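Following: one structure in structure tokens, then a few remarks.
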Amino acid sequence: MPPRSPAPEHRPPEPRSPAHHRRSSKAHLLSYLRRLTLRDRQLLAWLAEHYVLSTAQITTALFPSERSARLRLATLHRIDAVHRFVDVTTGTGQHLYTLGPLGMLVHPTTYTDPERPDARPPRSSIERTERIIGSPRLRHLLGANQLFVDLHAYTRTDPSARLVRWWSEQHATAAYALADIRPDGHGIWQAADRTVGFFLEHDNGTEPLHKVLRKLRAYERLAEFGPRYPVLLRVPSHRREAHLDSGRLNRHHSGRFFGRHRPSCSIDCR
């Protein structure tokens, strides 16, 4: 009998390189792009600029009901468009949302660190989210974003109203760097035939009064050569507002600003 030919040698498959896995992961994310709606893309743009929004804020600004918001946010979380984590700032237990891997693919030049605008870009969306969670400004970010959420929600009830611009603190600070102001936000609001720009100072009542008043002096200097936008000073109570008014008058501040202690639409929407 002729000798048997040796059985073919079965070799284990070559291990795939990390670069291959990265390409596969990116291709997987790209396949989800077609599932993003215009509303999804609006939300991702906000998370890129403003870092974080709560379930309640997203519902108020973009959805007809909390149920529809939760269902869509669950889908966005499942396809890695957003990350979510439990809100530890208020004890409500609701979720807070940041950009996920797909979201950062859509917005690769997003703001990267709420504490340090010049920080190196994060290696991943998880690292960016960790920076946001670890920031002592997390509660302040949510508070500052609330005003613009309320304004955007109002536009859904009034066809003549429009939030033309919503800039974050880092965006506005960079745009007005020569004026040496650091607003918590900047917006342009339009209703009927009226348009008003404004700067936001969101006050939680924890900053000494003299520091808040020093900020207002910077806006007065800006008004001498730049846009004469009013400063919207949001305060947590009538008492805090009275103290700021008293300090402003004692120091002869003439700048235009107004405050409101309730978390509602603080600009005249009529």
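Keep in mind the model is a prediction, meaning the values are calculated, not measured.
- Salt bridge present: R72 and D40 bring a charged side-chain N and a carboxylate O closer than 4.0 Å.
- Under the 4.5 Å side-chain criterion, counting only non-hydrogen atoms from C-beta, V149 is in contact with L53.
- Here the two rings, on W46 and H152, have centers that are under 6.0 Å apart.
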Hey, mind stepping through Q42 and L62 against side chain to side chain contact (heavy atoms under 4.5 Å, CB included) and telling me if it holds? CA-CA 9 Å; Q42 176 69 83; L62 295 173; 4.3 Å; yes
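- Using bins of under 30°, 30° to 60° and over 60° for the plane-to-plane angle, the ring pair W167/H171 lands in the parallel bin.
- When all heavy atoms of L99 and H107 are compared, the pair lying nearest together is CD1-CB, 4.4 Å.
- In this structure, F63 and R70 have side chains that are not in contact, with every pair of non-hydrogen atoms separated by 4.5 Å or more.
- A172 and H186 make their closest contact through CB-CB, 3.9 Å (heavy atoms, listed as atom of the first residue, atom of the second, distance).
- Side-chain contact between V164 and W189: absent, with no pair of heavy atoms (C-beta onward) separated by less than 4.5 Å.
- S54 contributes atom OG, which lies 12.0 Å from atom CG of L141 (distance to the nearest 0.5 angstrom).
- In this structure, CG in L96 is found 10.5 Å from CG in L47, a value given to the nearest 0.5 Å.
- Side-chain contact between Q170 and T173 is absent, with no heavy-atom pair separated by less than 4.5 Å.
- The environment of CZ in R123 is sparse: at most 12 heavy-atom neighbours from other residues, nucleotides or ligands sit within 6.0 Å.
- The minimum heavy-atom distance linking R156 with T59 is given by the pair NH1-O, 3.8 Å.
- The two residues L36 and A81 come nearest to each other via the heavy atoms CD2-CB, 4.4 Å.
- Judged by distance alone, the side chain of Q57 and the main-chain N or O of L142 form a donor-acceptor pair under 3.5 Å.
- Between H83 and H77, the distance from one ring center to the other does not fall under 6.0 angstrom.
- Between L147 and H202, every side-chain heavy-atom pair lies at or beyond the 4.5 Å cut-off.
- R128 and T112 are not linked by any side-chain donor-acceptor pair at a separation below 3.5 angstrom, with hydrogens and angles left out of the test.
- A single hydrophobic cluster is seen to contain both L232 and F148, as judged by linkage of ILVMFWY side chains at heavy-atom distances under 4.5 Å, directly or through other members.
- One hydrophobic cluster holds both V231 and F225 under the rule that ILVMFWY side chains link at heavy-atom gaps under 4.5 Å.
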Between L222 and F199, does a side chain to side chain contact (heavy atoms under 4.5 Å, CB included) hold up when you go through it step by step? CA-CA 12 Å; L222 170 64; F199 295 111; 3.6 Å; yes
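- Cluster membership check: V106 shares its hydrophobic cluster with L30, using side-chain heavy-atom separations under 4.5 Å among Ile, Leu, Val, Met, Phe, Trp and Tyr.
- For Y229 and F198, the ring centers are positioned 6.0 Å apart or more.
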Please step through salt bridge (charged side-chain N to carboxylate O under 4.0 Å, His left out) for the pair R182 and E169, ending with a clear verdict. CA-CA 7 Å; R182 192 183 179 89; E169 173 186 325; 2.8 Å; yes
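- Contact annotation: the side chain of D184 approaches that of R137 to within less than 4.5 Å [non-hydrogen atoms, C-beta and beyond].
- I79 CD1 to L33 CG: the interatomic distance, rounded to the nearest 0.5 Å, is 8.5 Å.
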N145 and W166: CA distance, side-chain angles, deciding distance, side chain to side chain contact (heavy atoms under 4.5 Å, CB included) verdict: CA-CA 9 Å; N145 289 344; W166 174 12; 3.8 Å; yes
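- Atom CZ of residue R84 and atom OG1 of residue T129 lie 13.0 Å apart, to the nearest 0.5 angstrom.
- Hydrophobic clustering of Ile, Leu, Val, Met, Phe, Trp and Tyr side chains at less than 4.5 Å, counting indirect connections, keeps I132 apart from V82.
- Taking the side chain as every heavy atom from C-beta outward, S135 and H140 never approach each other to under 4.5 Å.
- R139 CZ: 12 or fewer foreign heavy atoms inside a 6.0 Å radius.
- Closest of all the heavy-atom pairs between A218 and D180 is CB-O, 3.8 Å.
- For T157 (side chain) and A153 (main-chain N/O), no donor-acceptor pair under 3.5 Å exists by modelled atom type.
- Across every non-hydrogen atom of A144 and L200, the tightest pair is O-CD2, 3.6 Å.
- Taking the charged nitrogens against the carboxylate oxygens, R228 and E220 have no contact shorter than 4.0 Å, which rules out a salt bridge.
- The cluster map of Ile, Leu, Val, Met, Phe, Trp and Tyr, joined by side-chain heavy atoms under 4.5 Å apart, puts L29 and Y97 in the same cluster.
- Using a 4.0 Å cut-off between charged nitrogen and carboxylate oxygen, R234 and E201 do not count as a salt-bridge pair.
- L102 contributes atom CG, which lies 7.0 Å from atom CG of L44 (distance to the nearest 0.5 angstrom).
- Here OG1 of T98 is found 7.0 Å from CD1 of I133. Values are rounded to the nearest 0.5 Å.
- When only modelled atom types and interatomic distance are considered, S168 and E49 share a side-chain donor-acceptor pair under 3.5 Å.
- Between P227 and Y176 the shortest side-chain heavy-atom distance falls below 4.5 Å.
- A donor-acceptor pair under 3.5 Å links the side-chain atoms of T55 to the main chain of H95, judged by distance alone.
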